Structure formats: C-alpha cells, structure tokens
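The basis for the numbers below is simple: all heavy atoms, side chains too, and nothing from hydrogens, waters or symmetry mates. What you see is a predicted model; the values in this text were computed from it and never measured.
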Amino acid sequence: MDIQLLIAVIIGIAILLFLILRLKLQAFLALLITCIVVGVIAGMQPVSILNSVKNGMGGTLGFVATVVGLGALFGAILERSGGAQRLAQSMLKLFGISKAPWAVMLTGFLVAIPVFFDVAFIILVPLIYALQKQTGKSLLLYAIPLLAGLAITHTFIPPTPGPIAVAEILGADLGYVIIFGFLAGLPAAIIAGPLLAKHLSKSMHILTPNDMVSDSKVPDNAPSARVILIIIAIPILLIVCNTVLGSPLFDEGSLPNAIIYAVGLLGHPFVALIIANLVAWYFLGVRKGFTKKQLLDISTKSLYPAGVIILLTGAGGAFKQILIDTGAGKMIAEALSGDFFPPVVFGFVVAAIVRILQGSATVAMITAAGITAPLLGLSETSAPQLAVLVIAIASGATVFSHVNDSGFWLVKQYLGLTEKETFASWTVMTTLIALVGLVVSTILWYLV
C-alpha cells in the first residue's frame, strides 16, 4: 500500500469534513478544495490536478445538469397545479380513513418522484393535520407514513437528484436504478411507514400544533389524480422500456430496427423528461388557465435549487476523478476487495459515515459515490449490479438523520415535536429505511 496516497486520502477527507462541519463552508467549494489538497499531497503536477478537476466536473455534468434541470421543471408545474393535493385526497377516498396511513404513504411515494422532498412535505402536511383532527389519533400515525414515502422516493428513484448524481458517477443505467429503487423502496416504505407509525402512535400521542394551518382544500381547477399519475408515469415507463430493450432479454435482431430506434430515442432520460415536461406544461398549465408569463415564472424559479445540486454533483465528479488519477482509488479498492466486504457494503458504510458526520444526504451520496467508484475497476460489474450499488449508497446516505440535518428540524417544526420525540420518530424512521435498503441491496447484488 502506498503510504503517501493513504495519507492524501485521509487528510483530504478530514479537510472536507472540517470545512463543512467546522467552517460551515458550502459543500461545493469544500469538495473542490479537497480535490486540490489530495492532488498536491499525492504528488500530482498542478496542471494534472486542475485537468482532473475539469474532466471530473465536465464528465459528470454533461448528463446530470440536463436531467436535474428537466426534473426540476417537471416537478414545479406538478406542484403549482394542485395535483399533489388532488392525488392525496383521491388516495384517501380510495383507501378510506381506516387505511389512511397507507394512502398517505403511497401519495408521498408518488409525489416525491417529480417534487423535491421539502416542498412535497409542506404541500401535503395540511392533509395529515386534517386527518389527525378528524380522527383524534396521534399525528404520527399519518406523518410517519407520509415522510417515509417522500424520503424513500427522494433518495431511491430518479428523476430525483440524489440517485441521478450517484448513477452518473458510477456509470449506472437509470432504468435499472428505477427498477431496483422500487424493489428496495416499497418494503422500506411499508416497514418504516405504516408499521412503524402504528407502533409509535401507541406511545406518542401527538396533536396538530395550534399555530399550524390545516387547510387541505384542493384548488377547484386542480387536475384529476388519473392525469397526475399518467404524467408521472410517462418518463419512468419510457426510461425503463429503453433499459429492458437493451438488456439480454432481447437478442439483437429480435425486434424491428424502427422500434429499437424509437425506444432508444424516446427512452433516453433527456427525451423522456422533455416529453413529460411538454405534457405537464399543456395539461397542468395551459389547460388549467395559467398564462405564458406564469408558466415562465414557475419554470424559472424551479431552476434555482437545481443549480446548487448540479454544481455539488459536479464537484463530486471531480473528487472521484482525483481519486482515480492519483491512484488512491485503486489502492482503496485493492485493500477492500473480497467477497466479505462487497462494494454494496462499502458504499453503504462510507455514505452512512459522511451522512452522520455532516448531515446532508446529497453530500453523503456524492462523496461515497466518488470514493466507491474506483472499486468497480477491479472486477466485472454488471449493469444491474451498478444500479444496486446506487441504491446501497442512497440507503447509507439516509441513515440516522439528526440535528445536523435540515430535514430533522423541518419535521420537528411542522409536527410540533420536541428534540427527543423527533429522534424517537423521524431519526428511527430514516435508520429503518437505510437498513432495509441495505438488506435488499445486498440480496440483489448476489442475485443479479
């Protein structure tokens, strides 16, 4: 083992955590500084260091910037149309009050596919207030399933930014990520959602905070739940169809070239999301009376948070490239190779450590992906296994949300909990999601 490279990695990670935790430096800048430090200590020439940063940024952002931007546009119009509230109320009507925890879990699971976690939670939280007041039961009975559905989709299923960023850094196919995201996400949502909520509501009777508005009225011109579901399904189905047609299930020449061409074009994430945006723009915007100026304002504002995620992902790609170009990544991979410590476990552990130390799930996912990527060069890793690795890293980045995570305080504020109650509910929920994700990922790693 090269001691100089080992020292470079250890000091680099220590500096990264110091800059983020102690100096409160923006993670984008902290990652770029870490790249330069690792390169200098590893003995790289200045031009080589900066070329690695440039290549890592450029190679990652070519895909991520487009998909994250299109995803943000897509989610914004769904949010403003009132479709999320309509979908929630339709689910409640379908399931009934007795099954309301399952209805809100499924609603959260679906809504968070196009809409950012915190925005989706704020949109839907009046619904759980209304349910609590109507039934008199603990607010946690409805809040935990909703949060579980939102958190799982936001972490596991594209086009949400986290899995997109990790998939691009690792070179994973988004179609497989979607498939395995659903396979890991559904059991995690059930266990960390309705089942956990039933248990917590018996010991913690939480009422709706008095200072919180509980108006869950759906706008009169909101689109139907059916329309919302169809629009959400469009990009997912197109991307998955493209993945399935490109898999070993279909031999070369088994389908007409015209079909392969059409699916290959329409099923690419770029085109699939463009189609979803155009459909949403028309049916949720133009048909519902939005002016062109309003639609332009909605779409423009939606890109502001996307910009932060895009730059952060690019810095993560630069960090990965520095580890590869210095040879540090190969050294880590060789030291950790073996059946007793597979990449899924390594990726989970690294993401979990970074998540617990600095709080941000996105930073944890991107950092872990950069450190884990070099492991993939030592052995043949199939396309499905790469997607499973994305889910494992996402699982690790979900674990043990606590006081350094903005989500912890968002939940505490809106549910009117004490810090102790937030630990006993939200933190337990995120940890359960992570552990279920790890178990499912490990099983899938050896099956696919």
Aromatic ring pairing F121/Y414, orientation class (parallel under 30°, perpendicular over 60°, tilted between):
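Ring orientation, 0 to 90° scale: perpendicular.
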
Once you measure the plane-to-plane angle for H268 and F270, does it fall in the parallel (<30°), tilted (30-60°) or perpendicular (>60°) bin?
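Ring orientation of H268 relative to F270: perpendicular.
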
Supply the atom-to-atom distance [X] [atom1] to [Y] [atom2], rounded to the nearest 0.5 angstrom.
| X | Y | atom1 | atom2 | value |
| --- | --- | --- | --- | --- |
| I33 | L23 | CD1 | CG | 9.0 Å |
| L16 | L357 | CG | CG | 10.0 Å |
| L78 | N277 | CG | CG | 9.5 Å |

Stepwise, does the side chain to side chain contact (heavy atoms under 4.5 Å, CB included) test hold for T155 with F117?
CA-CA 9 Å; T155 307; F117 170 86; over 6 Å; no

Do I190 and L195 come close enough that some side-chain heavy atom pair is under 4.5 Å?
yes

I would like to know whether R86 and I228 meet side chain to side chain contact (heavy atoms under 4.5 Å, CB included); could you show each step before the answer?
CA-CA 9 Å; R86 177 77 78 188; I228 293 297; 5.6 Å; no

For F182, what residues pass the ring-ring contact (aromatic ring centres under 6.0 Å, His included) criterion, not counting sequence neighbours?
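Only F109 meet the ring-ring contact (aromatic ring centres under 6.0 Å, His included) criterion with F182.
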
Residues forming a ring-ring contact (aromatic ring centres under 6.0 Å, His included) with Y142, sequence neighbours excluded:
none

Run the salt bridge (Lys or Arg N to Asp or Glu O under 4.0 Å) test against K293 and tell me which residues pass, sequence neighbours left out.
D297

Show the atom names and distances, to 0.1 Å, of all donor-acceptor pairs under 3.5 Å that link a side chain in residues 235-244 to residues at least two apart or in another chain.
unit_1: T243; atom_1: OG1; unit_2: D173; atom_2: OD1; d: 2.6
unit_1: T243; atom_1: OG1; unit_2: G175; atom_2: N; d: 3.4
unit_1: T243; atom_1: OG1; unit_2: I239; atom_2: O; d: 3.2

Which donor-acceptor pairs under 3.5 Å do side chains of residues 301-313 form with protein atoms, sequence neighbours excluded?
unit_1: S302; atom_1: OG; unit_2: S299; atom_2: O; d: 2.6
unit_1: T313; atom_1: OG1; unit_2: I309; atom_2: O; d: 2.7

Does anything in residues 21-58 form a ring-ring contact (aromatic ring centres under 6.0 Å, His included)? List the pairs, not counting sequence neighbours.
none

Between R22 and L17, is a side chain to side chain contact (heavy atoms under 4.5 Å, CB included) present by the stated rule, with each step listed?
CA-CA 8 Å; R22 185 70 176 175; L17 294 174; over 6 Å; no

Worked check of side chain to side chain contact (heavy atoms under 4.5 Å, CB included) between I144 and S425:
CA-CA 8 Å; I144 291 299; S425 55; 4.0 Å; yes

Spell out, as yes or no, whether a donor-acceptor pair under 3.5 Å connects the side chain of T430 to the backbone of S401.
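Yes; judged by distance alone, with no hydrogens or angles, the pair exists.
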
Within the 6.0 Å centroid threshold, strictly below: F156 and F180
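So the answer is no for these two rings.
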
